[in-house]
Amino acid sequence: MATSAGSVTSACRRAVSAVLTRADVSKSAVSRSDVSCFASGARTKQSLHQRLGWHSSAGFSGSWTCGVEGVGTERPFTRGVGLRRFQVVSPVCMGRRSSKIATRKNAQDARKSKLYGKVGKQIISAVKAGGPSPASNSQLAALLVAAKQGGVPKDVIDRNIKRATEKGQADFTEIVYEIYGLGGVGIVVDVLTDNNARAAATVRDVVRKGGAKMADPGSVLFNFKRQGVLAVPAATADPDEVLVVAVDSGADDVINPGEDVAGGGGEHGEEGEEEEQFFRVLTPAESFASVRAQLQEYGLTVDAEHSGLMFIPTARMQTDEEAREQNEAIMEKLLELDDVDAVYCNQ
């Protein structure tokens with residue numbers, strides 16, 4: 001197949017540009033003769049030399065080979081002896097593993113941001129109820145311990161304690177919204193807000209746009225049970241030990257790593273293929289704190305970021321793929337709302 005000189009020159013220019021923009025190729029790695037082999041005219045050659053910081057050009061006798069887009073040709077140089085060859089390969093695209101790592105990191109960042117917001121609102125509520133001193137406010141003291149275990153930065157804690165004492169800071173109210181999802185799925189939204197009207201409006205807007213429907217109180221929630229969930233990292237715990245300690249501590253059940261607990265799209269979601277795995281110790285809501293303390297006394301690590309009180313579905317609903325994806329999209333949009341702390345479903 002014939003190739004014109006113009007197309008070869010254009011391909012070579014693109015090759016030089018690609019090489020010069022690569023982080024692992026410095027100016028010292030490319031000689032004048034390498035650049036001259038790509039410059040068909042004085043203007044092109046001069047611009048390339050200027051780009052490399054060279055102010056004069058020099059010829060080079062011999063021939064060169066260009067490996068851009070399957071084009072191969074030879075052109076003479078004007079000075080010296082020898083042969084230089086320059087090969088350009090296609091850029092390496094981000095592979096599936098890199099893409100998964102980036103996606104997982106984004107999910108982890110979003111989860112941490114949601115955790116910080118939730119802890120901040122809880123701290124404000126505790127301070128307004130019992131004062132800013134942990135010594136005299138047991139609720140605040142327990143929250144601070146959990147926040148530190150969850151890796152919440154000190155500046156986030158201090159900022160919210162100060163915010164709670166400011167004039168005009170409204171009280172936070174806990175609200176639970178119930179939603180009929182697509183395919184008969186039930187969705188529960190856990191909200192902690194200082195503006196009820198705003199929270200209701202934003203939640204309803206997401207539900208309406210997603211094709212779902214708001215439900216009356218109690219019409220969805222009966223399919224869920226409020227329970228404590230304690231996440232024990234599987235990498236540092238023996239399965240038999242976790243089970244024995246959990247039973248002795250008064251837990252209801254232990255869920256093995258990889259099994260979904262709160263429903264897809266919930267605050268704690270389904271664990272990714274390469275994310276840290278956990279044993280989930282389920283407890284009665286009123287025994288959450290005592291069971292956590294006993295697990296820690298036995299030497300088991302409890303991950304605060306993945307632990308808490310949740311709505312656990314008592315039974316799962318089977319839906320088709322389209323309905324499942326639409327429900328997941330609705331839950332993701334709900335979790336983006338500042339007033340929403342968690343979302344649970346039974347699909």
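We use all heavy atoms of the structure for the numbers below, so side chains are in, but hydrogens, waters and symmetry mates are not.
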ask   = Would you find a donor on one side and an acceptor on the other, under 3.5 Å apart, between the side chain of Asn137 and the backbone of Ser133?
value = no

key: Lys/Arg-Asp/Glu bridge criterion (N-O < 4.0 Å) met for Asp158, Lys162   = no

Ala251 versus Val281, closest heavy-atom pair with distance = CB-CG1, 3.4 Å

key: Note, Ser125 side chain near Asp171 side chain (heavy atom, < 4.5 Å)   = no

ask   = When you look at CD of Glu166, are more than 12 heavy atoms from neighbouring residues, nucleotides or ligands closer to it than 6.0 Å?
value = yes

Hydrophobic cluster identity match, Val302 and Val242, side-chain contacts under 4.5 Å = yes

ask   = Do Ile179 and Met317 belong to the same hydrophobic cluster, where Ile, Leu, Val, Met, Phe, Trp and Tyr are linked whenever their side-chain heavy atoms lie under 4.5 Å apart, directly or via other members?
value = yes

Within 6.0 angstrom of Asp338 CG, more than 12 heavy atoms from elsewhere = no

request  = Answer whether the closest heavy-atom distance between the side chains of Val245 and Asp248 falls below 4.5 Å.
outcome  = no

query = Given side chains that start at C-beta, do those of Val191 and Tyr177 come closer than 4.5 Å, heavy atoms only?
reply = yes

query = Checking Asp205 side chain against Ala201 main chain: does a donor-acceptor pair fall under 3.5 Å?
reply = no

request  = Might you work through the side chain to side chain contact (heavy atoms under 4.5 Å, CB included) test for Val343 and Val188, ending with a clear yes or no?
outcome  = CA-CA 6 Å; Val343 181; Val188 176; over 6 Å; no

inquiry  = Nearest 0.5 Å, please: how far is CG in Leu182 from CD1 in Ile330?
reply    = 5.5 Å

key: Salt bridge present between Asp341 and Lys118 (N-O < 4.0 angstrom)   = no

inquiry  = Quick check for you: to the nearest 0.5 Å, what is the distance between Phe278 atom CZ and Thr236 atom OG1?
reply    = 9.0 Å

ask   = Do side-chain atoms of Asp216 reach the backbone of Ser219 as a donor and acceptor pair under 3.5 angstrom?
value = no

ask   = For the atom pair CD1 (Ile312) and CG (Asn223), what is the distance rounded to the nearest 0.5 Å?
value = 13.5 Å

key: Flag if over 12 foreign heavy atoms under 6.0 Å of CZ, Arg204   = no

ask   = Are Leu295 and Val247 connected, step by step, through hydrophobic side chains (Ile, Leu, Val, Met, Phe, Trp, Tyr) whose heavy atoms are closer than 4.5 Å?
value = yes

request  = Determine whether Asp190 and Met310 make a side-chain contact, defined as any pair of heavy atoms from C-beta on separated by less than 4.5 Å.
outcome  = no

key: Backbone N/O of Gly218 and side chain of Glu178: donor-acceptor pair under 3.5 Å   = yes

message = Please determine whether residues Val340 and Leu192 belong to a single hydrophobic cluster, defined as Ile, Leu, Val, Met, Phe, Trp and Tyr linked transitively by side-chain heavy-atom distances below 4.5 Å.
response = no

request  = Might you work through the side chain to side chain contact (heavy atoms under 4.5 Å, CB included) test for Val119 and Val156, ending with a clear yes or no?
outcome  = CA-CA 9 Å; Val119 170; Val156 173; over 6 Å; no

From NZ (Lys121) to CG (Asp339), nearest 0.5 Å = 5.5 Å

note = Rounding to 0.5 Å, atoms CG (Leu335) and NZ (Lys333) come to a distance of 11.5 Å

Check: Ile123 and Leu144 side chains under 4.5 Å, non-hydrogen atoms = yes

message = Could you tell me if the side chain of Leu230 sits less than 4.5 Å from the side chain of Thr283, heavy atoms only?
response = yes

ask   = Between CD1 of Ile124 and CD1 of Ile161, what distance do you get to the nearest 0.5 Å?
value = 10.0 Å

task = Tell me, with the steps shown, if Val206 and Glu336 meet side chain to side chain contact (heavy atoms under 4.5 Å, CB included).
result = CA-CA 10 Å; Val206 170; Glu336 292 175 2; over 6 Å; no

task = Quick one: closest heavy-atom pair of Ala146 and Ala304, and the distance?
result = O-CB, 3.7 Å

query = What is the minimum heavy-atom distance between Tyr344 and Leu309, and which atoms define it?
reply = OH-O, 3.7 Å

request  = Verify side chain to side chain contact (heavy atoms under 4.5 Å, CB included) between Val232 and Thr301, making sure each step is shown before the conclusion.
outcome  = CA-CA 6 Å; Val232 179; Thr301 301; 5.6 Å; no

request  = Please determine if Glu332 and Lys114 form a salt bridge, counting it only when a charged side-chain N lies under 4.0 Å from a carboxylate O.
outcome  = no

Smallest separation among heavy atoms of Val220 and Ala215, with atom names = CG2-CB, 3.8 Å

key: Note, Phe311 side chain near Val176 side chain (heavy atom, < 4.5 Å)   = yes

message = If you compare all heavy atoms of Pro313 against all heavy atoms of Cys345, which two are closest, and at what distance to 0.1 Å?
response = CG-O, 3.8 Å

Minimum heavy-atom distance Ala170-Asp194, with the two atoms named = CB-O, 3.7 Å

inquiry  = Quick test of your reading of the model: are Arg280 and Asp303 salt-bridged, counting only N-O distances below 4.0 Å?
reply    = no

message = Under a 3.5 Å cutoff, is there a donor and acceptor pairing between the side chains of Tyr298 and Ser249?
response = no

ask   = Do Gln169 and Arg163 have a side chain donor and acceptor closer than 3.5 Å?
value = yes

task = Treat each ILVMFWY residue as a node, draw an edge where side-chain heavy atoms are under 4.5 Å apart, and state whether Leu115 and Phe172 are in one component.
result = no

request  = Identify whether the distance between the nearest side-chain nitrogen and carboxylate oxygen of Arg324 and Asp320 falls below 4.0 Å.
outcome  = no

query = Is there side-chain contact between Pro233 and Phe279, with heavy atoms separated by less than 4.5 Å?
reply = no

